[in-house]
Enquirer: 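The structure follows.
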2 protein chains.
Amino acid sequence: MMTSGDVESPFAMPGHDHASCIMTALDGAEAICARRGERLTPLRRRVLELVWRGHSPVGAYDILALLQSERGRVAPPTVYRALEFLCRQGLVHRLDSLQAFIGCGQPGNDGDGRHAAHFLICQDCGTAVEVRDGQLDGAISRLAGRTGFAIADETIELSGLCAACQS
Amino acid sequence: MMTSGDVESPFAMPGHDHASCIMTALDGAEAICARRGERLTPLRRRVLELVWRGHSPVGAYDILALLQSERGRVAPPTVYRALEFLCRQGLVHRLDSLQAFIGCGQPGNDGDGRHAAHFLICQDCGTAVEVRDGQLDGAISRLAGRTGFAIADETIELSGLCAACQS
DNA sequence: TTCATAACGTTATGTTATATCATTATCGAA
DNA sequence: TTCGATAATGATATAACATAACGTTATGAA
């Protein structure tokens, strides 16, 4: 049985129907924002779509360039504000180790849709997969409990080689 | 009994004898570099000392400013090269979530002195404490094993409030 | 001493991110 | 419907973080 915390084969995704992948993300984002009374404007929606171009993290300036190619002059704050909104809604995560952004595959699962996101990042194919692991979560909360530390934010990014890239 | 993985009370350090803290770090660094045949030059030693000014992460440009105040013209590469050396030797860690650097409290414990460093970072007092937690390590390696992922690098940084700052 | 290499200096530039203020859009209340 | 408050976006400038490239100096081994 698959529990919600399992990750079946996170890097076995190449070849999947990415168009539907994007559509799912956008539809989900619409639903979440509607439910919350937040505005997924055309710009924000487009930025989210660009973040979802693939399963590799995308730099803010990559998105900026894409936007510029379709709208002419666009300045960095335009992109950063959209990304900030999307992160706030839990629709996008920032990967600190790469200074880049990636779409969240399971947004809105929590009460407010924001959750601690943990990543496996393949240094060869560039794919980053969000994982949820009960043992990891447990170890972290026990560590926090033992040290009396109140966690507000988690940056957990494991870089290396995915199974497919280890050949 | 305290095992080497325990952290007694990581944030209960204010008031400690920080001068001896720095000295320990510098002496340790000298010993490690000597053993490895690496050169802890005056510049590198001084940068390490500046990183150890406190237990809060220090930005590269903070170090640059300090160096400039004591040596006149110093350019960014001077600082970044020294930091790169110190990181390579496991004497300093970079905190990706803060884009800042902090001295390693347990350098040279591994074969090559480089280890996965996990941090608790207090958003109030700014203190960052390196922790080693067997359960966390175990959860991570099981996660890697289960997904067939070969970890090369870990970025694990937990931000929040330390016990003392939760009042 | 000479050579090879590592360390450092110097200049320039690349990359990521934000502050600030003006303008436009949205939406509820009068 | 118009007004006014607020949110979103546009636009300009600059801050903050980092590295490429190349020349010079120091170091240590042959």
Side-chain angles (χ1 to χ4, degrees), chain A residues 29-30 33-34 36-51 56-89 91-102 126 153 155 157, chain B residues 29-30 33-51 56-89 91-102 126 155 157:
Chain A
E30 293 282 6
C33 289
R36 292 182 193 154
E38 297 284 353
R39 295 168 54 194
L40 188 63
T41 62
L43 173 66
R44 289 165 173 177
R45 189 187 154 92
R46 181 64 181 143
V47 169
L48 179 59
E49 196 174 1
L50 292 174
V51 168
S56 300
V58 183
Y61 277 71
D62 295 337
I63 293 169
L64 179 62
L66 291 166
L67 278 182
Q68 284 170 335
S69 74
E70 55 192 36
R71 315 189 165 200
R73 293 193 228 327
V74 179
T78 297
V79 172
Y80 280 101
R81 283 189 291 227
L83 288 170
E84 185 196 21
F85 170 84
L86 295 169
C87 287
R88 203 165 54 232
Q89 298 305 323
L91 301 170
V92 161
H93 296 292
R94 181 177 193 277
L95 297 179
D96 288 335
S97 64
L98 299 175
Q99 296 175 179
F101 299 84
I102 191 163
D153 236 36
T155 297
E157 300 167 19
Chain B
E30 293 281 7
C33 290
R35 167 156 33 90
R36 291 181 193 155
E38 298 284 353
R39 296 166 56 195
L40 187 64
T41 63
L43 174 65
R44 289 165 172 176
R45 189 188 154 90
R46 182 62 182 143
V47 169
L48 179 59
E49 196 175 0
L50 292 174
V51 168
S56 300
V58 185
Y61 276 70
D62 294 338
I63 293 169
L64 179 61
L66 291 166
L67 279 182
Q68 284 170 334
S69 74
E70 55 193 35
R71 313 187 167 200
R73 292 193 230 325
V74 180
T78 298
V79 172
Y80 281 101
R81 283 189 291 230
L83 288 171
E84 185 196 20
F85 170 84
L86 295 169
C87 287
R88 203 164 55 232
Q89 299 305 322
L91 301 169
V92 161
H93 295 293
R94 181 178 192 276
L95 297 178
D96 287 335
S97 65
L98 299 175
Q99 297 175 176
F101 300 83
I102 190 163
T155 298
E157 299 167 18

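Per chain, numbering begins at 1; letters A, B, ... match sequence-line order.
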Enquirer: Ignoring hydrogens and geometry beyond distance, is the side chain of Tyr80(A) in donor-acceptor contact with the base of dA19(C) at under 3.5 Å?
Expert: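 Absent.
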Enquirer: Is there side-chain contact between Phe85(B) and Leu40(B), with heavy atoms separated by less than 4.5 Å?
Expert: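 Yes, their side chains come closer than 4.5 Å.
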Enquirer: Rounding to a whole Å, what distance do you find between Tyr61(A):OH and dG14(C):P?
Expert: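 One finds 13 Å between P of dG14(C) and OH of Tyr61(A), rounded.
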Enquirer: Looking only at heavy atoms, which two atoms of Pro57(B) and Ala100(B) are closest? And how far apart?
Expert: CB-CB, 3.6 Å
Enquirer: For the pair made of CD in Gln99(A) and P in dA18(D), what is the distance, rounded to whole Å?
Expert: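 Distance, rounded to whole Å: 7 Å.
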Enquirer: Is any side-chain heavy atom of Leu67(B) closer than 4.5 Å to a side-chain heavy atom of Leu43(B)?
Expert: yes
Enquirer: Expressed as a whole number of angstroms, how long is the span from Phe101(A):CZ to dT15(C):P?
Expert: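 Distance check: Phe101(A) CZ to dT15(C) P gives 17 Å.
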Enquirer: Rounding to an integer number of Å, can you tell me how far Leu95(B) CG sits from dC17(D) P?
Expert: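 In whole Å, dC17(D) P and Leu95(B) CG are 13 Å from each other.
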Enquirer: Between Arg71(B) and Arg46(B), is any pair of side-chain heavy atoms under 4.5 Å apart?
Expert: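 Side-chain contact under 4.5 Å: yes.
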Enquirer: Could you walk me through whether Glu84(B) and Arg81(B) pass the salt bridge (Lys or Arg N to Asp or Glu O under 4.0 Å) test, one step at a time?
Expert: CA-CA 5 Å; Glu84(B) 185 196 20; Arg81(B) 283 189 291 230; over 6 Å; no
Enquirer: In this structure, how many angstroms lie between the P atom of dT16(C) and the CG atom of Leu98(B), rounded?
Expert: 19 Å
Enquirer: If the sugar-phosphate is the primed atoms plus P, OP1 and OP2 and the base is the rest, what is the B/S/- string for nucleotides 2-13 of chain C, using protein heavy atoms under 4.0 Å?
Expert: ----SSBBBB--
Enquirer: Over how many whole Å does the gap from Leu64(A) atom CG to dG10(D) atom P extend?
Expert: 12 Å
Enquirer: Round to a whole Å and report the spacing from CZ of Arg45(A) to P of dA8(D).
Expert: 17 Å
Enquirer: Taking the side chain as everything from C-beta on, heavy atoms only, tell me whether Ile63(A) gets closer than 4.5 Å to Leu83(A).
Expert: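 When only atoms from C-beta onward are counted, Leu83(A) and Ile63(A) do touch, with a gap below 4.5 Å.
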Enquirer: Provide, to the nearest angstrom, the distance between the CD1 atom belonging to Ile63(A) and the P atom belonging to dT9(D).
Expert: 14 Å
